[in-house]
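The chains referred to below are lettered A, B, ... by the order of the sequence lines, with proteins before strands, and numbering in each begins at 1.
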Number of protein chains: 2
Amino acid sequence: MRPISKEEYDLKCATRQLLELMSEKWVPGLIYTLSLGPQRPGALTRRLEGISKKMLTQTLRNLEDWGVVHRTVFEVVPPHVEYALTPLGEKMVEPIALIHGWAQENRENIAMVFTQRLASKQSAKP
Amino acid sequence: MRPISKEEYDLKCATRQLLELMSEKWVPGLIYTLSLGPQRPGALTRRLEGISKKMLTQTLRNLEDWGVVHRTVFEVVPPHVEYALTPLGEKMVEPIALIHGWAQENRENIAMVFTQRLASKQSAKP
DNA sequence: CCGTATCCTGAAGGATACTG
DNA sequence: CAGTATCCTTCAGGATACGG
């Protein structure tokens with residue numbers, strides 16, 4: 001069986017790149033929300049409870065770099081900005097939905113494991 | 001549009017749990033390799049170039065906790081251990097394969113973005 | 001051959017305060 | 001309203017050395 005080289009796994013592997021992007025904390029939430037239509041930052045902040053301005057901007061810039069999100073600025077006062085998925089971004093909705101669907105089907109297992117892990121972490125603390 | 005609550009996003013969301021597991025550095029590689037059949041640690045180390053003993057064990061333990069991998073010990077000298085996917089683990093091969101397929105189809109975009117990001121990170125260093 | 005225990009660094013991400 | 005700049009804590013993950 002052929003080994004998977006370091007470079008292959010670290011750099012070339014588009015799969016891991018994609019997984020790393022998709023697992024950034026607010027990425028799935030943002031992509032899902034934007035899949036419902038273009039949104040203003042304020043709306044996104046209200047929709048994603050707990051996200052800070054910093055993380056919102058940072059994650060959106062990140063997604064812009066990936067060509068997944070497009071930013072439109074309306075030159076008015078007060079400022080008006082809108083974010084929307086690009087065509088590439090739209091193509092990313094489906095894989096996330098697949099993962100989401102799978103996670104829902106197996107949510108029992110996942111939930112069980114998660115509470116176990118939480119418990120063991122806490123009992124290891126003191 | 002209903003907001004996504006903090007708890008919902010942090011804790012309950014099986015999707016993010018799953019994505020976090022799947023994006024741990026060696027998880028996709030291990031699951032893929034084990035999908036080809038049960039393997040001994042030595043074989044896994046050789047197959048996943050660059051993985052350290054520590055990360056191999058740690059990741060495998062992690063996957064065991066998730067009920068995704070099963071560990072069999074043969075009581076002989078020298079020690080003989082084998083790792084294999086559980087039924088739940090088998091069910092995880094498909095979503096990873098889907099992500100992988102999607103990443104391959106769009107590898108052009110991903111590669112382009114990645115090299116751009118590398119470059120910008122390096123130019124920001126000095 | 002297989003596993004564990006330490007130490008260390010970088011990066012993710014939260015809190016807070018400031019600008020236009 | 002939208003965005004930037006700092007500071008700080010946490011933790012993934014690599015290197016290394018030891019044990020059964």
Q. Within this structure, what is the NE2-to-C1' distance between A:His80 and D:dA2, rounded to whole angstrom?
A. 11 Å
Q. Is any side-chain N or O of B:Arg40 closer than 4.0 Å to OP1 or OP2 of C:dC1?
A. no
Q. Does any N or O in the side chain of B:Trp102 come within less than 3.5 Å of the main-chain N or O of A:Lys91, such that one atom is a donor and the other an acceptor?
A. yes
Q. Counting side-chain heavy atoms from C-beta on, which of C:dG3, D:dG3, D:dG14 comes nearest to B:Tyr83?
A. C:dG3
Q. Do the non-hydrogen side-chain atoms of A:Leu34 and A:Gln39 ever get within less than 4.5 Å of each other?
A. yes
Q | Residue closer to the 5' end of DNA chain C, A:Pro79 versus A:Trp26 (nearest nucleotide) | A | A:Trp26
Q: Please report, rounded to the nearest Å, how far the P atom of D:dT4 is from the CG atom of A:Leu56.
A: 11 Å
Q: Let me know the distance between CG of A:Asn62 and P of C:dA11, rounded to the nearest Å.
A: 14 Å
Q: For B:Thr57, report the nucleic acid contact type (base, sugar-phosphate, nothing); a contact means any heavy atom under 4.0 Å.
A: base
Q) To the nearest angstrom, how far is A:Glu24 atom CD from D:dA12 atom P? A) 16 Å
**Q.** pair B:Val68-B:Asn62: side-chain heavy atoms closer than 4.5 Å
**A.** no
**Q.** Phosphate OP1/OP2 of D:dG3: any A:Arg61 side-chain N/O under 4.0 Å
**A.** yes
Q) More 5' along DNA chain C: B:Lys54 or B:Gly42, using each one's nearest nucleotide? A) B:Gly42
Q.
Under 3.5 Å, is there a donor on one side chain and an acceptor on the other for A:Thr15 and B:His100?
A. yes
(Q) What's the closest nucleotide to the side chain of B:Met55 if the choices are D:dG14, C:dG13, C:dC2? (A) D:dG14
**Q.** Nucleotide C:dT4, atom C1' - distance to CZ of B:Arg71 in whole Å
**A.** 12 Å
Q: Using atom CD1 of A:Ile51 as one end and atom P of D:dG3 as the other, report the distance to the nearest whole Å.
A: 12 Å
Q. If you measure only the distance, is there a donor-acceptor pair under 3.5 Å linking the side chains of B:Arg107 and B:Gln104?
A. yes
Q: In whole angstrom, give the distance that lies between atom CD of B:Glu75 and atom C1' of C:dC1.
A: 14 Å
(Q) Does A:Pro41 reach a base, just sugar-phosphate, or nothing at all? Heavy atoms under 4.0 Å. (A) sugar-phosphate
**Q.** Distance in angstrom units between A:Leu60 CG and C:dG13 P, rounded
**A.** 14 Å
Q | A:Lys53 side chain, from C-beta outward: closest of D:dT16, C:dC2, D:dA2 | A | D:dA2
